[in-house]
Asker: 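The structure follows.
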Amino acid sequence: MADVIVLGSGTSSGVPVLGVSYPTSFLANPKNHRSRPSILIKGPTGNLLVDCAPDMRTQLLREGIEMVDAVIVTHTHADHIMGMDDLRSFCLRSGADMPIYTLPQYAADVRRIFNYAFEDFPTGIEVPRFALHEISSLPSRVELCGLEIMIMLVQHGPWPVLALRIGDFAYVTDVKTIPPESWDLLQGLDTLILDAVRLKPHPNHYHFDEALAVAKELGAKQTYFNHLSHDYDHDVTNAELPPNIQLSFDGQRILI
């Protein structure tokens, strides 16, 4: 058994978007306030973080998370990695480098963007310390935090993105195409979290109609749409969807 916490259910800009005016009724619903996309899985032996959103610090404080033991980086777009510096607190607490699992090209991005996390500094200078683990063969099975994780590949337009399955739960963020091999690995799910960025078509993400069709075809017992823009008014949209396909929200907890 494990607990999945949706840290952020929003798209790259978050919701509300800076500079945009919204109806008071929209803002009154806390579930329409969406931070950038990330989940945390509370495993038997530790906490696994999937992506490090720019909002990571406030997300983890909100959920009372005092330790992160390992990280999977699905890809290195800004909304998925720009919270990584805040991993320093956990590195200092554990006295060890933070294990980061990602594709080789994204490991290179992390080394470039957070180069100081791999350098030697005098004692007393607090920086995050990363131990990169490159996943070069997919699909791949890894064990982290007491969890057996199947890691697979999907396509976010031209960019490869890691998706994962743990038991009968799967997390598929930032996706436009699911290759046949990964499609086969997403059968028989109890719970699926799936990208559905907005109402109108998008070149690199599933939009609402695509996500709805994919959710129905994959046939998970329960699907939650994530990576959501301000196109969606949470309660209004959920009322129009079938009970087994609903919108996710910040702070949502799913037992797997």
Side-chain angles (χ1 to χ4, degrees), residues 4 6-12 36-41 48-53 71-81 100-110 133-142 144 147-198 200-229 245 247-248 254 256:
V4 176
V6 177
L7 297 177
S9 60
T11 187
S12 57
R36 270 65 71 91
S38 175
I39 61 170
L40 182 128
I41 306 163
L48 172 64
L49 180 65
V50 182
D51 290 331
C52 300
V71 177
I72 293 174
V73 171
T74 62
H75 63 300
T76 49
H77 288 173
D79 53 327
H80 293 262
I81 65 163
I100 310 284
Y101 291 77
T102 194
L103 291 171
Q105 61 265 47
Y106 298 145
D109 288 341
V110 172
H133 300 266
E134 298 182 4
I135 302 171
S136 54
S137 178
L138 289 166
S140 180
R141 291 185 184 272
V142 298
L144 296 170
L147 301 163
E148 275 213 16
I149 305 163
M150 172 64 73
I151 300 178
M152 65 196 81
L153 204 65
V154 298
Q155 286 295 135
H156 172 33
W159 301 283
V161 166
L162 297 181
L164 57 93
R165 176 170 182 161
I166 301 170
D168 294 326
F169 166 81
Y171 182 67
V172 184
T173 185
D174 291 62
V175 59
K176 183 66 174 179
T177 307
I178 301 176
E181 186 174 34
S182 298
W183 187 272
D184 291 343
L185 295 172
L186 294 170
Q187 302 301 309
L189 294 169
D190 284 344
T191 308
L192 169 64
I193 295 179
L194 182 68
D195 179 15
V197 68
R198 67 188 189 190
K200 67 180 182 179
H202 191 290
N204 301 320
H205 292 264
Y206 286 152
H207 70 293
F208 178 76
D209 287 342
E210 284 178 309
L212 194 59
V214 168
K216 289 178 178 178
E217 190 168 354
L218 285 174
K221 292 179 182 176
Q222 183 68 56
T223 297
Y224 294 107
F225 290 161
N226 205 317
H227 212 295
L228 304 171
S229 74
I245 302 175
L247 301 185
S248 187
I254 302 166
I256 63 171

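Please read these numbers as outputs of a predicted model, since none were measured by experiment. Numbering of residues begins at 1 and proceeds along the displayed sequence.
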Asker: Does a side-chain heavy-atom distance below 4.5 Å link I72 with L144?
Answerer: yes

Asker: For H202, which residues count as a ring-ring contact (aromatic ring centres under 6.0 Å, His included) partner, sequence neighbours excluded?
Answerer: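 Testing H202 for ring-ring contact (aromatic ring centres under 6.0 Å, His included), a comparison that skips the adjacent residues, returns H205.
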
Asker: Can you check whether I39 reaches F169 side chain to side chain, under 4.5 Å on heavy atoms?
Answerer: yes

Asker: For a quick test of reading the model, state the closest non-hydrogen atom pair linking A215 to F225 and the distance between them.
Answerer: CB-CE2, 4.2 Å

Asker: Do you know the tightest heavy-atom contact between A196 and L228?
Answerer: O-CD2, 3.5 Å

Asker: How many angstroms lie between atom CD1 of I100 and atom CG of L49, to the nearest 0.5 angstrom?
Answerer: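 Going from CD1 on I100 over to CG on L49, the span is 8.5 Å.
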
Asker: Supply the atom-to-atom distance L192 CG to T223 OG1, rounded to the nearest 0.5 angstrom.
Answerer: 4.5 Å

Asker: Minimum heavy-atom separation for D195 to V197, with atom names?
Answerer: OD1-N, 3.4 Å

Asker: Among H227, H80, H77, find the residue that satisfies the ring-ring contact (aromatic ring centres under 6.0 Å, His included) test when tested with H156.
Answerer: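 Passing option: H77.
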
Asker: If you look at every heavy atom in M152 and S182, which pair is closest and at what distance?
Answerer: CB-OG, 3.6 Å

Asker: Return the CD1 to OH distance between I254 and Y224, rounded to the nearest 0.5 Å.
Answerer: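 Answer for the CD1-OH pair, I254 versus Y224, is 5.5 Å.
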
Asker: Checking S248 side chain against N226 main chain: does a donor-acceptor pair fall under 3.5 Å?
Answerer: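 No, S248 side chain to N226 backbone: no donor-acceptor pair under 3.5 Å.
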
Asker: V172 pairs by side-chain contact (heavy atoms from CB on, under 4.5 Å) with which of T74, L164, L194?
Answerer: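 So, applying the side-chain contact (heavy atoms from CB on, under 4.5 Å) to V172 and each of T74, L164, L194, only L194 qualifies.
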
Asker: Using every non-hydrogen atom in the two residues, find where K176 and G157 come nearest and quote the distance to one decimal.
Answerer: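 Where K176 meets G157 most closely, the heavy atoms are CB-N, 3.7 Å.
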
Asker: Measure from the side-chain N and O atoms of E210 to the backbone N and O of H207, and report whether any donor-acceptor pair falls under 3.5 Å.
Answerer: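 Between the backbone of H207 and the side chain of E210 there is a qualifying donor-acceptor contact (under 3.5 Å).
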
Asker: Walk me through it: do V4 and T191 pass the test side chain to side chain contact (heavy atoms under 4.5 Å, CB included)?
Answerer: CA-CA 11 Å; V4 176; T191 308; over 6 Å; no

Asker: If you look only at pairs with a residue in residues 213-222, which of them pass as a salt bridge (Lys or Arg N to Asp or Glu O under 4.0 Å), with sequence neighbours excluded?
Answerer: D190-K221

Asker: CG/L162 to CG/L153 distance, rounded to the nearest 0.5 angstrom?
Answerer: 6.5 Å

Asker: Using side-chain heavy atoms (C-beta onward) and a distance below 4.5 Å, is M150 in contact with L185?
Answerer: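 Contact flag for M150/L185 side chains = yes.
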
Asker: Look at the side chain of S38 and the backbone N and O of D51, then say whether any donor-acceptor pair between them is shorter than 3.5 Å.
Answerer: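 Answer holds: yes.
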
Asker: Are the side chains of L138 and L103 in touch, meaning some heavy atoms are under 4.5 Å apart?
Answerer: yes

Asker: Does L48 form a side chain to side chain contact (heavy atoms under 4.5 Å, CB included) with V71? I'd like the steps, not just the answer.
Answerer: CA-CA 6 Å; L48 172 64; V71 177; 5.8 Å; no

Asker: Are the side chain of Y206 and the backbone N or O of A213 linked by a donor-acceptor pair below 3.5 Å?
Answerer: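 No: the side chain of Y206 does not pair with the backbone of A213.
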
Asker: Does the side chain of Y106 come within less than 4.5 Å of P160's, by heavy atoms?
Answerer: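 They are in side-chain contact.
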
Asker: Does some side-chain heavy atom of L218 sit less than 4.5 Å from a side-chain heavy atom of L189?
Answerer: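 No; the side chains remain at least 4.5 Å from each other.
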
Asker: What is the distance from atom SG of C52 to atom CZ of R36, rounded to the nearest 0.5 Å?
Answerer: 13.5 Å

Asker: Y171 vs I166, test: side chain to side chain contact (heavy atoms under 4.5 Å, CB included). Steps then yes/no.
Answerer: CA-CA 9 Å; Y171 182 67; I166 301 170; over 6 Å; no

Asker: Which heavy atom of P37 sits nearest a heavy atom of G10, and at what distance?
Answerer: CD-O, 3.1 Å

Asker: Provide the full list of salt bridge (Lys or Arg N to Asp or Glu O under 4.0 Å) pairs with a residue in residues 154-174, sequence neighbours left out, each pair given once.
Answerer: R165-D168

